[in-house]
Amino acid sequence: MSNALDVRTVANRYATLLQLCRSRNPTSYPLAQTIHAHMIAFGFKPRGHILNRLIDFYCKSSNIAYARHLFDEIPEPDIVARTTLIAAYSAAGNLKLAREVFGGTPLSMRDTVFYNAMITGYSHNNDGHAAMELFRDMRREAFRPDNFTFTSVLGALALIADQKKQCQQIHGAVLKSGTGFVTSVLNALISVYVKCASSPLESSSSLLGAAKKLFDEMPERDELTWTTIITGYVRNDDLATARGILDGMTEKLEVAWNAMISGYVHRGFIQEALEMFRKMHMMGIRLDEFTYTSVISACANGGLFKHGKQVHAYILRTERKPEPDFSLSVNNALVTLYWKCGKVDEAREIFNAMPVRDFVSWNAILSAYVNVGRIEEAKSFFKEMPERNILSWTVMISGLAQNGFGEEGLKLFNQMRMEGFEPCDYAFAGAITSCAVLGALEHGRQLHAQLVQLGHDSSLSAGNALITMYARCGVVEASNCVFLTMPYLDSVSWNAMIAALGQHGHGLQAIKLFEEMLKEDLVPDRITFLTVLSACSHAGLVKEGRHYFDSMCGFYGITPGEDHYARLIDLLGRAGKFSEAKDVLKSMPFEPGAAIWEALLAGCRIHGNMELGIQAAEQLFELMPQHDGTYVLLSNMYATAGRWNDVAKVRKLMRDRGIKKEPGCSWVEVENKVHVFLVDDTVHHEVQAVYNHLEQLVLEMRKLGYVPDTKFVLHDMENEHKESALSTHSEKLAVVFGLMKLPLGATIRVFKNLRICGDCHNAFKYMSKVVGREIVVRDGKRFHHFRNGECSCGNYW
DNA sequence: GTAGGGTTAG
């Protein structure tokens, strides 16, 4: 400074100017920067209090790097600058740097505010334990906790699952410290009791009672108090009490009303949510973006497209100058409203017209494509996304899995991890579903282990996915184990477990579980009945199946869809009750579609009902000429009847229509080792070896007095049919290989889809007795358990 | 210099 102006005077003036700026007022940050720019131009070096203020402003305007630069220039930064920096690093999610500043500060310099900042930092970054630890350190070093400390610590405590005792301890400490009447501290206490109550480990009523007592006895309540107690009851699913408190509230507090509305929406009380909205409007309570988004979401979930549009129109009429945040969240809700009401392309139009978009907007469109099965569009949209978060990945992974692209789903899951995203339980659920699609048991087991390691094992979505995965991979015992140990169950879990039992031929157990579900006052949905009907069909429980079909239509008032009828036809067809099946066909309110004809054809194949089978196949050829399943079923039906010329005709038809038969590939698992057999046009040498064993086995079987009914595998193996038989029966050969070559006592599981005809069903029964071990074999989505000459599906075949 | 509530994407 070349002129004669006194440094102290200049400093005072700068300090006065900075007083005009307020660190909690974002609009003043540019002014503070301008003042700093002036200092630099003027050659003034800020120190002490002024420098601290500047560091604070740079932190707040999210230029932490520059704030750090200023901080590093100070020879001995004081406690205020350090505190500011810690708060800034924590807010930006950089705990490591915050921790560094914290650790580099000598004990003699520290104070309560300094500790408070670090405790809050941990709490904001979801590390409740570290925050508690620091709180203990602080008390050990004899720093007196104040209001801020308690509110932060209680916030941290709410992050820890098992914390009832600590709650009470801190409550005691609060009372001792004399802050027990401070509203902010009491709010935090109520909040933590309430959060505690919603933990599965605690009994909610006593903790909610403690919260309510504090609330009732409070000397003074502020807005936060009301919101906290109301959201507390909402979160604990006690909407009635929440509503009672809200109705007794004199303040016109929109935050509490919004919480109530969203509570109703989450619990599916659409009408109540809309009624609250109307009432708010009538009482002149401020409606804001939170209100609108919840109400639009209510309409989306209830399929009330017209109502949703009315709300939209109302917003456009009344909100003249919407803030950017406002229109962003409302538009996001609208996008969801449109696609959930079946208008995906309109949703996309809204999205395209949005001036600002965030993750929610992008993910909403992605889920729209995924949910309606427009998977190609979903894939290219996913690639287009400028940024992806964990949800984007999850939606895409489970979307791929649910549409049958298991391999792509798993690939994406791995890619997600490679890009540094820690998968959440939903992402795991997607990957596990991929394994279910692929029948990849070993991979599924690994994912299960990782799930446990990462502490996601109480997750509902992952648990449900595991039940299905184990069942689809042939290990229904594991499904049951998951089902029994899950802390929470929803109707999806029950449906999944009933399906698992049904798929494995345990029809009676499936029905028993279904009855248990009814006892728990859970309302069965259309999926539940699909599952129950399948279970009956697989176990041959014809009478029971009919009964449930009728009770679904009558008692539960569910209109049966084509899928329900298909299950019924399947049930009757597999039982050989063709005249009844024909009656159902006639009585149906719509023309039978492909699913129904396919079910009928499957029944005809089993029972050799050639006439009806051919008729069904003709319908299927018309409806979906490229569907290879029809050809296989028809050809198997002919083969069972020994009509080889007709088999040849079907094969020619396939060639003419360009339908490729997939190369045979099968795998067998014995004692956690998987053996894979490949059969292409040429016969793989391992299969040849199996074939030799098979011949031996048949000789053995004959010696033991077992004469295959007509053919089993042998008839196919003669002369010109030998090669094709080897490929179509490679799976069965693999089982034989497993039976003969591998150690005794282990269960043999075949994951590849075997199309089981009556003869091989008999043969498997026989073999299970001869070799004295359990054989689990997949047939479509179903499994057969052969043990001791019997099968889990009874004598249905 | 530090704390605390409500929304939308699975």
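In what follows, every chain begins at residue 1, and chains take the letters A, B, ... in the order their sequences are listed.
- Across all strands shown, A:Ser184 has heavy atoms under 4.0 Å from base atoms, whether or not it also approaches the sugar-phosphate.
- Heavy atoms of A:Asp222 sit under 4.0 angstrom from at least one base atom.
- Across all strands, A:Cys59 comes closer than 4.0 Å to no nucleic acid atom at all (heavy-atom distances).
- The aromatic rings of A:Tyr338 and A:Phe305 sit perpendicular to each other, their planes meeting at more than 60°, with 30° as the lower class boundary.
- Residue contacts shown for A:Leu253 include a base, since a base heavy atom lies under 4.0 Å away.
- Using a 4.0 Å cut-off between charged side-chain N and carboxylate O, A:Glu133 and A:Arg136 make a salt bridge.
- Residue A:Trp393 is classed as having no contact, given no heavy-atom separation below 4.0 Å to the nucleic acid.
- Using cut-offs of 30° and 60° on the angle between ring planes, the pair A:Trp393 and A:Phe421 is tilted.
- A donor atom on one side chain and an acceptor atom on the other are not found under 3.5 Å apart for A:Tyr14 and A:Arg53.
- Looking at heavy-atom distances under 4.0 Å, A:Ile79 makes contact with a base.
- In summary, contact between chain A and DNA chain B, defined as any nucleotide atom under 4.0 Å from a heavy atom of the protein, begins and ends at B:dG1 to B:dG10 in the 5' to 3' direction.
- Residue A:Asp78 is out of contact with every strand shown, counting any heavy-atom pair closer than 4.0 Å.
- Within the nucleic acid shown, A:His124 comes within 4.0 Å of sugar-phosphate atoms alone, with no base atom in reach, counting heavy atoms only.
- Using a 4.0 Å heavy-atom distance criterion, A:Arg53 is classed as a sugar-phosphate-only contact.
- Using a 4.0 Å heavy-atom distance criterion, A:Thr120 is classed as a sugar-phosphate-only contact.
- From A:Asp288, atom CG reaches atom OG1 of A:Thr293 across 7.5 Å, with rounding to the nearest 0.5 Å.
- Using a 4.0 Å heavy-atom distance criterion, A:Val113 is classed as a base contact.
- In A:Glu419, the CD atom is crowded: over 12 heavy atoms of neighbouring residues, nucleotides or ligands sit closer than 6.0 Å.
- Within 4.0 Å (heavy atoms only), A:Asn389 reaches at least one base atom of the nucleic acid.
- With a 4.5 Å cut-off on side-chain heavy atoms, A:Ile350 and A:Asn331 count as touching.
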